Amino acid sequence: MSIRWRSCWDADPQIHGLLKESDNLELARERLVRHLEELDWVYRRDVDKAVESWRYILIKESVRCMKNIISQRNERLAETSPIKYLWTAARTGDAEVSDDFIEELTHLFKAINGRAEVYPPHFMRGLRSPDFEKYKGRAAAQKRSAFLERIGERMEEYLSKYPSGLVPEIIERRARNKRRILDILKASNKDWNSWRWQFNNVFKDKTGFEVIKKAIRLTLDEERGIRLAIENRVPFGVTPHYLHLMDQEPSEIDFAVRRQVFPPPHYVRAMMEHRRDRKIVFDYMRERDTSPLKLVTRRYPRVAIMKPYDSCPQICVYCQRNWEITSPFYVGAGAAHEDMEAAIDWFAEHKSIMDVLITGGDPLVMDDEKIDYILQRFSQIPHIRNIRLATRIPITVPQRVTDELCNIFSKYYELGKQTLCMVTHFSHPYEVTFETARAIKRVKMHGLHVYNQEVFGFANSRRFETAALRIAMKQIGVDPYYIFNMKGKTEIEDYAAPVARILQEQKEEARLLPGVFRTDEAVFNVPFLGKNYLKAWQEHELISIAPDGRRIYSFHPWEKNIAKTKPYIYTDVTIKDYLGKLEARGEDLDDYKSIWYYY
Ligand code: SF4
């Protein structure tokens, strides 16, 4: 037996034995099915009442997943056969699979046998839950309150790793950063506060690169990636405001902020390689197949998207629309007037659309007159009950949210008729500043609600990192709305976090916050079809493990039980690889050990 299988077979010697003794694959499958059925019923029959309920839940889930991954049906859908590899390894000592695959199966076997490594969580180390059954009334309440207090304090220990820009020490740091950038550019505070100055000074070319290098120290990889992007005209740009969020020295604190806009070399190379076919290769959401008319995208019955401006002040590396955005403010990013007219007419003709999402790019890059015109046109369509403005401006150039712009907004917020709201995109508490808070306040003073869509990926997925973001956002009046699982688009695979991590975050971190702080819904965006709610087990299932250890999921489209639409098969990034990268960032992997048991 190859040494690398030892822990796997140790986790379930019975399965090892029955696979080893099976002469052929189908016999092995039959025996394993019978074994799992019997095991399942041992627990369900509740013969000796020895299995605690929390263990039972984990067992039941893992048995279901194990049955899933050995079923012929799922083998056909996933185009791989985990049981074939298991059987081969049991018979010959090894199989052509990665260590990631073996680790997945090891944890599955542990869970099946009631030995999932979940309790006690590392987060709760040293904290013991009192036996509340022994107490009654006020005494019970006081015991429980003291215990909950300890949990709250422990949360604070984690949360304090992720300061926002509202913390005095960070405010001072940002003031120094700003001064440094202004000195390099020989500009004034007045310049800084002007959105036109911010727009005109976006760092996107060789000169901008020199400014960035003077303002902060870049890592070797960052420097290589930016240089390559500029030399090869791959979308890249950073606003002065966003640059001042970065620390002079790179560290874990500003990691997510840098990673958001500094393209890694391999990403730039992928973009270069697919310069000609990127409209197909990188259009993960298949917008080309969901756009009934130029500038319009529709995936749902009652809401549709309009894209009047196709660029942003700065470019997020993981941008879903990296197949069409070519650079900040590129010439031609604004839609032609006749295309815009045709798009708005389309909305007027389609009476079932009640909500329009005006996005891009970033629509707030357009001038006030154009924004006013578009809002005014939509306000005249009686069946449009709500207009949503999707923008990252409060984070990239908060100065753009002027009183004049907000006065325009207020004209189209008319309770009883039609509402207008803003959907923004914070990804990290370090992006939350007082300048941004003032911009949000200005918007809210005019009646608009502000919601956030977070993209959850490797950079912002450490323990309680997203919880810290939720708290910072609530402090400035932004409501968490969606939290998107970052798709493992090939060009940014190292930016992604596994589906299991977002499920773990929702259960073990978000759940500890008060309800009004965790109003976000965790979603997976299914290409062509739209959002799938991740928390509902009815909406997705683990169907296989690929030989390289990636989980393969079947996502049921939102149309399930409404229209017969085929599920979407998605191959995730591997958990082992993800954990390895977290460890390299200094994380204690004990903190994540239950991730394997979220399916
Ligand atoms: S703000 Fe949105 S549209 Fe603009 S680059 Fe970032 S992800 Fe893309």
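Whatever order the structure lists ligands and atoms in, that order sets their numbers, starting from 1. FYI, side chains are in, hydrogens and waters are out, and symmetry mates aren't considered; it's all heavy atoms of this structure. Note that the numbering runs from 1 along the sequence shown for the chain. Everything numeric here is computed off the predicted structure, so don't read it as measured data.
Residues forming a side chain to side chain contact (heavy atoms under 4.5 Å, CB included) with S327 (at least two apart in sequence, or on another chain): Y330.
Around atom NE2 of H446, more than 12 heavy atoms belonging to other residues, nucleotides or ligands sit under 6.0 Å away.
Between F464 and Y162, the ring center distance fails the sub-6.0 Å criterion.
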Determine all donor-acceptor pairs shorter than 3.5 Å in which one atom belongs to a side chain in residues 358-368; sequence neighbours excluded.
{"from": "D362", "atom 1": "OD1", "to": "L364", "atom 2": "N", "distance (Å)": "3.1"}
{"from": "D362", "atom 1": "OD1", "to": "T391", "atom 2": "OG1", "distance (Å)": "2.7"}
{"from": "D362", "atom 1": "OD2", "to": "T391", "atom 2": "OG1", "distance (Å)": "3.1"}
{"from": "D362", "atom 1": "OD2", "to": "R392", "atom 2": "N", "distance (Å)": "2.8"}
{"from": "D362", "atom 1": "OD2", "to": "I393", "atom 2": "N", "distance (Å)": "3.2"}
{"from": "D367", "atom 1": "OD1", "to": "E369", "atom 2": "N", "distance (Å)": "3.4"}
{"from": "D367", "atom 1": "OD1", "to": "K370", "atom 2": "N", "distance (Å)": "2.9"}
{"from": "D368", "atom 1": "OD1", "to": "R400", "atom 2": "NH1", "distance (Å)": "3.2"}
{"from": "D368", "atom 1": "OD1", "to": "R400", "atom 2": "NH2", "distance (Å)": "2.7"}

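Within a 4.0 Å radius of atom 1 (S) of ligand 1, the protein contributes one or more non-hydrogen atoms.
Applying the side-chain hydrogen bond (donor to acceptor under 3.5 Å, both in side chains) test to pairs two or more places apart or on separate chains, those with a residue in residues 518-529 are R470-D520.
None of E505, E509, E587 except one satisfies the salt bridge (charged side-chain N to carboxylate O under 4.0 Å, His left out) rule with R463; the exception is E509.
Listed by chain and number, C316 SG are the protein N/O/S atoms closer than 2.8 Å to atom 6 (Fe) of ligand 1, with waters left out.
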